[in-house]
2 protein chains.
Amino acid sequence: MITRKPRLEDVAQRAGVSMKTVSNVINGYPHISAKTLDRVQTAIDALGYRPNLSARNLARGRAGMYALIVPQLDRPYFAALARHVIDAAHEVGAVVLIEQTGGDLEAERRVISGEFSRRVDGMIFSPMTIGAEEIANRSDATPLVLPGEHVDQAGAPHLGIDNQAAARLATRHLIDLGRTRLGMIGVGRPRQSNPRYRGFRQALTDVGPRAEPRWLRTARGVSGADGEAAMTKIISDGNPLPDGIFCATDWLALGAIRALLQNGIRVPEDVAVIGFDDIPYGAVSTPSLSTIATNRGQIAQQAIRLLKAPGTEVDHDLATIDFRLVIRESTAG
Amino acid sequence: MITRKPRLEDVAQRAGVSMKTVSNVINGYPHISAKTLDRVQTAIDALGYRPNLSARNLARGRAGMYALIVPQLDRPYFAALARHVIDAAHEVGAVVLIEQTGGDLEAERRVISGEFSRRVDGMIFSPMTIGAEEIANRSDATPLVLPGEHVDQAGAPHLGIDNQAAARLATRHLIDLGRTRLGMIGVGRPRQSNPRYRGFRQALTDVGPRAEPRWLRTARGVSGADGEAAMTKIISDGNPLPDGIFCATDWLALGAIRALLQNGIRVPEDVAVIGFDDIPYGAVSTPSLSTIATNRGQIAQQAIRLLKAPGTEVDHDLATIDFRLVIRESTAG
DNA sequence: ATGAAAGCGCTAACAT
DNA sequence: ATGTTAGCGCTTTCAT
């Protein structure tokens, strides 16, 4: 009885065939006689043989693995993305290595400078702080796709929804509800370069202006507490309340709702609130949260597809992903 | 200019040294002359050299990678676990491959039968449906640790909190609040073999019986909808309401709260609700959720530690993890 | 402190 | 349909 792990050669010997034949069996090469196949299979089972993936990858020159790099895996959006990426990778026989940057610039630099280049066949990278230019100037040649919002013009395929159109759809929903005093809680300054802000303005322009500057607030971050703080300011500044609020993310929306409820303001009767992202909790919160849902499975599948055939990208800058309006209690309750 | 990716040999040539010396530099071997080190480093930078991990792993006989296998990555508990496992792996210079079983028995069988055996140095496996016995009888020798609840006596190190003590602590909290009519929404039948149920009973016994069977409900699953359905039944059966509910998971608790609020029952004034797991949403929900928090960082670190030194386990069955009571609005609001 | 050479286990020409 | 063999790029004794 051999004590070390069985190798291809051990299987070959036991089956009385060559390594090549065993390799053929393992890799599903079609032209093998039934008898040989059976003998090889028997030997494999008897020995409990499993191919050494390091060796296979070295010989093949491929890793059979993709890297997914996100800021933090325990943020629901990234967790959901990861789930779908793993599923999509399985469909092409690959596995997924996951890394977290924490949004740290140095960590993000390491990613584009090739930290994983000889370990994976491609990277799905969701950057947070690094700039598009720096990504565009990378020297590492590992195939790369960028899901998310902050990465136009980075010289790599960018997977995302049309944020402006989506924000417009969300705002339009508030208008269709008959709301006339609309506000927005966004992230970052409300510039024209921010597509979600642009979409919000556009929806207003469609029907005539209805927003007042005092209802436009910039949250300090993307967390629920940030949304709560922003909403509290809107409530406490002594001016009349808006009757509809579009929040740039679901977390902001949940925080905003919390601030409203704690001030005795009803949602959606007094103020309708809609978010953006469709995080799972929005479906079970009280009230449940209306939002924009992006098709995450589609993002994942497109990402893997692009990495499998690098260079084939139809459009090197944007692969558009579907989105839809999800109406729940926070606007329609 | 070479067009293919630079290898160790290319670096060696450019620096005028042997491959061994370059290898020494890369791996931080201490006894290298400053001059040599500088020349090698210069050559590495100039060529943009990165070691091929497949080759390294093959030569070393290790993968430098651990597998984390969970039912679903987008369930907050597993996402949080994954986050910490990745961090813990980094501390020992390893990376993490993540897989999902969906709780599917066949997928779980594949895991313990060695699907990853030659790809990773160890597995952190969170099984859902496979039995402890089947795990104990596995033939694959890949180091394995089992975080979670359902896997005592599986012949592999099991990482978890003392569920019974934790459930008792949660229930005790309700009692300390002065609640006298306590109920529980659990998963699976309320048998003595279920530690969370046992802990609940024990807390009651500590102070004299206060639970009635009609307040003990078994949810059909672990989702918010399941908790909502269970709570709705308790509300609508015409009997007096409990004034305190212990839910075996946070999702169940969030669903239960939702059912209460929709029936005009106040939380915590009329019914105090406490969950179990400390999922992130619980901190921002309205009302925020009291719960039992497990130390996930500790689970992850213990897991990696055990995988690094397989066989060293002090106790082959249970490495106990800390937990604590987190008091929020759903009980103390 | 550095070099030479033998694997690590598998794949893929090429041959038969 | 199956066998032979030369790598894949790195680590690691064993020398020096």
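In the text below, chain A, chain B and the rest are named by the order of the sequence lines, each starting its count at 1.
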Heavy atoms under 4.0 Å, any strand shown: does A:N57 hit a base, just sugar-phosphate, or nothing? nothing
How is B:T36 classified with respect to the nucleic acid when contacts are heavy atoms under 4.0 Å: base, sugar-phosphate, or nothing? sugar-phosphate
Nearest atoms (heavy-atom pairs only) where A:A156 meets A:L146: CB-CD1, 3.9 Å
Which residue lies more 5' along DNA chain C, comparing A:R7 with A:R62 via nearest heavy atoms: A:R7
Nearest heavy-atom pair of A:I86 and A:I98: which atoms, and what distance? CD1-CD1, 4.4 Å
Taking NZ from B:K20 and P from C:dA6, how many angstroms apart are they, rounded to a whole number? 16 Å
Please report the closest heavy-atom contact between B:E134 and B:I112, naming both atoms and the distance. O-CD1, 3.6 Å
With a 4.0 angstrom cut-off to heavy atoms of chain B, pull out the first and last contacting nucleotide of DNA chain D, in 5'-to-3' order. D:dC8 to D:dT13
Quick one: A:R50 CZ to C:dC8 P, roughly how many Å, whole number? 22 Å
The residue, B:G16 or B:L58, whose nearest nucleotide of DNA chain C is more 5′ is B:G16
Rounding to a whole Å, what distance do you find between B:L53:CG and C:dC8:C1'? 15 Å
Within this structure, what is the CG-CG distance for the pair B:L68 and B:L81, rounded to the nearest 0.5 Å? 5.5 Å
From CZ of B:R56 across to C1' of C:dC10 the rounded distance in Å is 20 Å
Return no unless some side-chain N or O of B:S18 is found under 4.0 Å from OP1 or OP2 of C:dG3. yes
Any chance the side chains of B:R305 and B:Q302 put a donor and an acceptor closer than 3.5 Å? yes
For the pair made of CE in A:M19 and P in C:dT11, what is the distance, rounded to whole Å? 8 Å
Does one side chain, of B:H90 or A:E99, offer a donor that lies under 3.5 Å from an acceptor on the other? yes
Measuring from atom CD of B:Q72 to atom CD of B:Q100, what distance do you get when rounded to the nearest 0.5 angstrom? 7.0 Å
Closest listed nucleotide, where the reference is the side chain of B:S33 and the choices are C:dC10, C:dA1, C:dG9: C:dA1
Specify the separation, in whole Å, of atom CG of A:N24 and atom C1' of C:dA15. 14 Å
